[in-house]
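First the structure, in the form of structure tokens, and then the observations on it.
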Amino acid sequence: MNIIFVGIQGSGKGTQASVIAKELGLAHISTGDLFRGAKGELGQKLKEIMDAGQLVPNELTLQILKERMIQDDCENGIILDGFPRNLEQAQDLEKEIKIDKVIEIKISDDESMKRLSGRISCENCKANYNILTTPKPAQEGICDKCGGKLIQRADDTPIAIQKRIDAYHEQTEPILEFYKEKLIEINGEQKIENVKKDILETLN
Ligand code: AMP
């Protein structure tokens, strides 16, 4: 089964994609994580694009994604998180794999801004926290899970966040119409466990 998770930044789609992927035995592929993990000259180029709040060019995005989708852990299917982000990417993806379901996790723009401004994550194990909402770390700046240092992403400044919110409405929202037959809407403004429950119910 191949599933796409869509949602404005901060909707919790990354968290949900990771949990649901484990539960269903699928590979969780986040294009943002793939780009952040890229090394060398390519990694530097991608970092500059991300820090400016811009989108990585479609051709490069698809090339990196295709390399990831042929790995062994994708055999049972994948959950795509952060891709496709525009209509062209959705059309390109059609040529590569069959998509079974599209899960849209819905939150308001205000909620997105609030969640992203407070978002911090562990530089070691990548666990996520939020100093404005939840979960807050027990000790400021330190990861509960591994003791690593908690840092804010360079592209989580208010200006860069607003750019990403605008880009979502202008570029990503049109894909919802493209996938309307496969689309399932989930209320993202509820407890993480309840969002998870709603998603699993619709998938089972
Ligand atoms: P994310 O972790 O999903 O917030 O993505 C972080 C950044 O990676 C975005 O702001 C974009 O610069 C880039 N990015 C992630 N996915 C895509 C994509 N599908 N197409 C283009 N750029 C992307």
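Basis for what follows: all heavy atoms, side chains included, without hydrogens, waters or symmetry-related copies. Counting starts at 1 for both ligands and their atoms, in listed order.
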Between Lys13 and ligand 1, is there a nitrogen or oxygen pair with a distance under 3.5 Å? no
Honestly, for Leu55 the part within reach of ligand 1 (heavy atoms, under 4.0 Å) is both
Below 3.5 angstrom, do we get any N/O pair linking Val56 and ligand 1? yes
Testing the 3.5 Å rule here: is there a donor-acceptor pair between the side chains of Asn86 and Asn58? yes
Lys39 side, atom NZ; Leu42 side, atom CG - distance, nearest 0.5 Å: 11.0 Å
Provide the number and element of each atom of ligand 1 under 4.0 Å from a heavy atom of Phe83. 19 (N)
Pull out every atom of ligand 1 sitting under 4.0 Å from any heavy atom of Gly32, numbered as shown with elements. 2 (O), 5 (O), 15 (C)
To the closest 0.5 Å, what do you measure between CD1 (Ile4) and OH (Tyr179)? 3.5 Å
Grab the two heavy atoms, one from Lys13 and one from Gly7, that are nearest each other, plus how far apart they are. CE-O, 3.2 Å
Minimum-distance pair of heavy atoms, taken over all atoms of Ala38 and Leu46: CB-CD1, 3.6 Å
Under 3.5 Å, is there a donor-acceptor pair between the Gln190 and Asp198 side chains? yes
Tell me which protein heavy atom sits closest to atom 19 (N) of ligand 1, plus the residue, atom name and distance to 0.1 Å. Gly82 O, 2.9 Å
Proximal atoms of ligand 1 relative to Thr61 (non-hydrogen, under 4.0 Å): 18 (C), 19 (N), 20 (N), 21 (C)
From Ser18 atom OG to Asp33 atom CG, the distance as rounded to the nearest 0.5 Å: 9.5 Å
Identify, by atom number and element, the atoms of ligand 1 in contact range of Thr31, meaning under 4.0 Å from any of its heavy atoms. 15 (C), 16 (N), 17 (C), 19 (N)
Around atom 4 (O) of ligand 1, find the nearest protein heavy atom and jot down its residue, atom name and distance. Arg153 NH2, 3.1 Å
Minimum-distance protein heavy atom relative to atom 11 (C) of ligand 1: Gln54 O, 3.4 Å
Tell me which protein heavy atom sits closest to atom 13 (C) of ligand 1, plus the residue, atom name and distance to 0.1 Å. Phe35 CD1, 3.7 Å
Ligand 1 contact on Lys163 by region, counting heavy-atom pairs under 4.0 Å: neither
In terms of its nearest heavy atom to atom 5 (O) of ligand 1, the top option of Arg85, Arg164, Met50, Gln89 is Arg85
What's the shortest distance from atom 6 (C) of ligand 1 to any protein heavy atom, and which residue and atom give it? Arg36 NH1, 3.5 Å
Can you name the nearest heavy-atom pair linking Ile105 to Gly188, along with the distance? CG2-CA, 3.6 Å
Lys106 and salt bridge (charged side-chain N to carboxylate O under 4.0 Å, His left out): which single residue from Glu189, Glu185, Glu173 fits? Glu185
